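As a basis for the values below, the full set of heavy atoms in this structure was taken, side chains included, without hydrogen atoms, waters or symmetry mates. Owing to the predicted nature of the structure, the values given are computational and were not obtained by experimental measurement. Below, chains carry the letters A, B, ... as their sequence lines are ordered, and counting in each starts from 1.
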There are 2 protein chains.
Amino acid sequence: MAVSDDHKLQEAIDTLRDSGVRITPQRHAVLEYLLNSMIHPTADDIYKALEGKFPNMSVATVYNNLRVLRQIGLVRELTYGDSSSRFDYKSSEHYHIICEECGKIVDFHYPTLDEVESLAEQVTGFDVSHHRMEIYGKCDECQQVETQKH
Amino acid sequence: MAVSDDHKLQEAIDTLRDSGVRITPQRHAVLEYLLNSMIHPTADDIYKALEGKFPNMSVATVYNNLRVLRQIGLVRELTYGDSSSRFDYKSSEHYHIICEECGKIVDFHYPTLDEVESLAEQVTGFDVSHHRMEIYGKCDECQQVETQKH
DNA sequence: CTCTTATATTATAATTCTTATAATTAAAGT
DNA sequence: ACTTTAATTATAAGAATTATAATATAAGAG
């Protein structure tokens with residue numbers, strides 16, 4: 001693990017401790033996995049990835065911990081129509097672009113759309129907390145596969 | 001029903017017919033309900049709303065029809081973490097702002113974020129098809145309830 | 001270091017949303 | 001009115017997530 005990642009993990013653990021949340025080995029592992037994961041895993045992904053290390057861990061534990069991490073603000077939950085939610089460590093603000101063919105999720109850095117939020121506040125009278133935006137399309141690989149077929 | 005809504009319904013039915021989709025009473029009712037609904041209903045909302053008119057209708061019929069309407073492009077599916085999907089008749093392009101307290105969804109008109117899409121294409125190499133954006137916050141009513149408590 | 005207590009985990013069952021299956025019914029063109 | 005093909009119904013199955021109750025354990029107090 002890179003030093004910076006190690007530092008991020010320590011930072012996250014401090015955040016947990018400050019919130020009065022206990023640092024259990026399972027919770028630590030879920031957090032660490034999310035931090036190092038580039039694939040925006042589902043709860044089941046995490047469960048499967050950790051079952052070697054924690055053979056007796058329950059799926060409920062994964063869900064419980066993801067809920068705690070989300071409530072603390074360390075983790076973001078991404079939901080889609082068909083399948084299960086995906087979870088994303090909130091390292092820095094970014095948006096996602098998602099391949100409709102293979103489901104791959106790629107980070108896409110773009111300035112935060114603050115203007116949309118403030119306009120929405122004015123027009124609707126809501127007290128805005130945040131927004132989500134996702135872009136959908138076909139990734140490079142899937143485009144090439146498509147081309148080869150013809 | 002307003003004349004314009006009636007016209008929209010006729011237009012939608014024509015679209016169905018052109019796609020070779022049969023106009024059954026149940027399908028007609030689901031479509032009409034969505035067109036007149038301002039609440040972005042769930043499949044179950046629609047099922048409950050129509051069970052007076054169609055006592056023998058199956059939930060599967062609602063889901064089947066929603067899928068068909070979505071595939072044709074008449075209806076948009078909105079998914080969230082916890083609960084069930086919501087469905088929205090695609091009358092005109094708009095975004096949604098969602099109350100995190102009571103779940104209310106309000107339409108929010110804003111110019112389409114084409115720029116984000118084209119930049120995403122350049123940066124990621126994706127062939128972009130569309131995007132979604134939602135704004136979250138607390139609606140006016142829920143803010144007032146909050147104020148009264150203190 | 002040990003004790004205590006509240007919290008977390010486990011195993012399991014229950015729930016909820018959605019889809020699959022097979023038999024029956026009905027839309028729409030001929 | 002007939003025929004064909006798609007839609008509906010009733011039911012069951014499936015998958016994702018949450019609830020429950022018993023057990024285990026993190027972390028602070030003494």
Side-chain angles (χ1 to χ4, degrees), chain A residues 12-33 40-72 74-87 103, chain B residues 12-33 40-72 74-87 103:
Chain A
I13 288 171
D14 290 345
T15 307
L16 282 181
R17 213 187 305 276
D18 291 350
S19 311
V21 173
R22 290 187 184 164
I23 320 291
T24 66
Q26 295 89 337
R27 183 165 290 159
H28 189 282
V30 169
L31 183 57
E32 188 176 351
Y33 183 78
H40 307 279
T42 64
D44 198 58
D45 288 337
I46 300 171
Y47 176 64
K48 285 201 168 60
L50 299 181
E51 73 180 353
K53 210 171 179 181
F54 300 93
N56 295 320
M57 187 171 62
S58 170
V59 208
T61 299
V62 177
Y63 277 102
N64 286 340
N65 283 320
L66 288 171
R67 179 168 33 76
V68 169
L69 295 174
R70 177 166 49 75
Q71 285 167 348
I72 303 270
L74 288 173
V75 162
R76 176 155 61 142
E77 182 175 358
L78 311 162
T79 65
Y80 307 103
D82 35 357
S83 59
S84 40
S85 289
R86 289 170 169 278
F87 296 87
Chain B
I13 289 172
D14 290 345
T15 307
L16 283 180
R17 214 187 304 277
D18 291 350
S19 309
V21 173
R22 291 184 185 167
I23 321 291
T24 66
Q26 294 90 338
R27 183 164 290 159
H28 188 281
V30 169
L31 184 56
E32 188 176 350
Y33 183 79
H40 307 279
T42 65
D44 198 57
D45 289 337
I46 301 171
Y47 177 65
K48 285 201 170 56
L50 300 181
E51 74 180 352
K53 211 172 176 180
F54 300 93
N56 296 319
M57 186 170 65
S58 169
V59 209
T61 299
V62 176
Y63 277 103
N64 286 339
N65 282 319
L66 288 171
R67 180 167 33 76
V68 169
L69 295 173
R70 176 166 51 75
Q71 284 166 347
I72 302 271
L74 288 173
V75 162
R76 176 156 61 141
E77 184 175 356
L78 311 163
T79 65
Y80 307 104
D82 35 356
S83 60
S84 39
S85 288
R86 290 171 169 276
F87 296 87

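Rounding to whole angstrom units, CG of residue A/L66 and P of C/dT9 are separated by 11 Å. Between B/I13 atom CD1 and C/dA28 atom P the separation is 10 Å, expressed in whole Å. Distance A/N64 CG to D/dT20 P: 13 Å, rounded to the nearest Å. D/dA7 atom C1' lies 16 Å from atom CG of B/L31, rounded to whole Å. Counting to the nearest Å, the C1' atom of C/dC17 and the CD atom of B/E77 are 11 Å from each other. Between the P atom of D/dT9 and the CZ atom of B/R27 lies a distance of 11 Å, rounded to the nearest Å. Between the NE2 atom of B/H28 and the C1' atom of D/dA7 there is a distance of 16 Å, rounded to whole Å. Atoms CG (B/N56) and C1' (D/dT11) sit 14 Å apart, rounded to a whole Å.
Along DNA chain D, the nucleotide nearest to B/V21 and the one nearest to B/P55 differ in position, and the one closer to the 5' end is contacted by B/V21. Nearest-nucleotide positions on DNA chain C for B/T42 and A/Q26 put A/Q26 closer to the 5' end. Two residues, B/I23 and B/V59, neighbour DNA chain C, and the one matched to the more 5' nucleotide by heavy-atom proximity is B/V59.
Nucleic acid contact for B/P25: sugar-phosphate only, since backbone atoms but no base atoms lie under 4.0 Å from a heavy atom of the residue. Within the 4.0 angstrom heavy-atom criterion, only backbone atoms of the sugar-phosphate kind lie near B/N65; the bases stay farther away.
Checking A/L74, A/L31, A/V21 one by one against A/I13, the side chain to side chain contact (heavy atoms under 4.5 Å, CB included) holds for a single residue, A/L31.
At D/dT8, none of the side-chain N or O atoms of B/R22 fall inside 4.0 Å of OP1 or OP2 (strictly under the cut-off). Contact check, B/Y63 against C/dT19: no side-chain N or O comes under 4.0 Å of OP1 or OP2. For the OP1/OP2 pair of D/dA26 and a distance below 4.0 Å, the side-chain nitrogens and oxygens of A/T24 include no atom meeting the criterion. When the side-chain nitrogen and oxygen atoms of B/S84 are compared with OP1 and OP2 of C/dT16, none of them lie within a distance under 4.0 Å. OP1 and OP2 of D/dA26 both lie 4.0 Å or more from every side-chain N or O belonging to A/R17. A close approach under 4.0 Å does not occur between any side-chain nitrogen or oxygen of B/S58 and OP1 or OP2 of D/dT8.
For the 3.5 Å distance criterion, the side chains of B/T42 and B/D45 qualify, holding a donor opposite an acceptor.
The shortest distance between side-chain heavy atoms of B/R27 and B/I23 does not fall below 4.5 Å. Put simply, the side chain of A/I46 does not reach to within 4.5 Å of the side chain of A/N65, judged on heavy atoms.
Side-chain atoms of B/D18 do not come within 3.5 Å of backbone N or O of B/T15 as any donor-acceptor pair.
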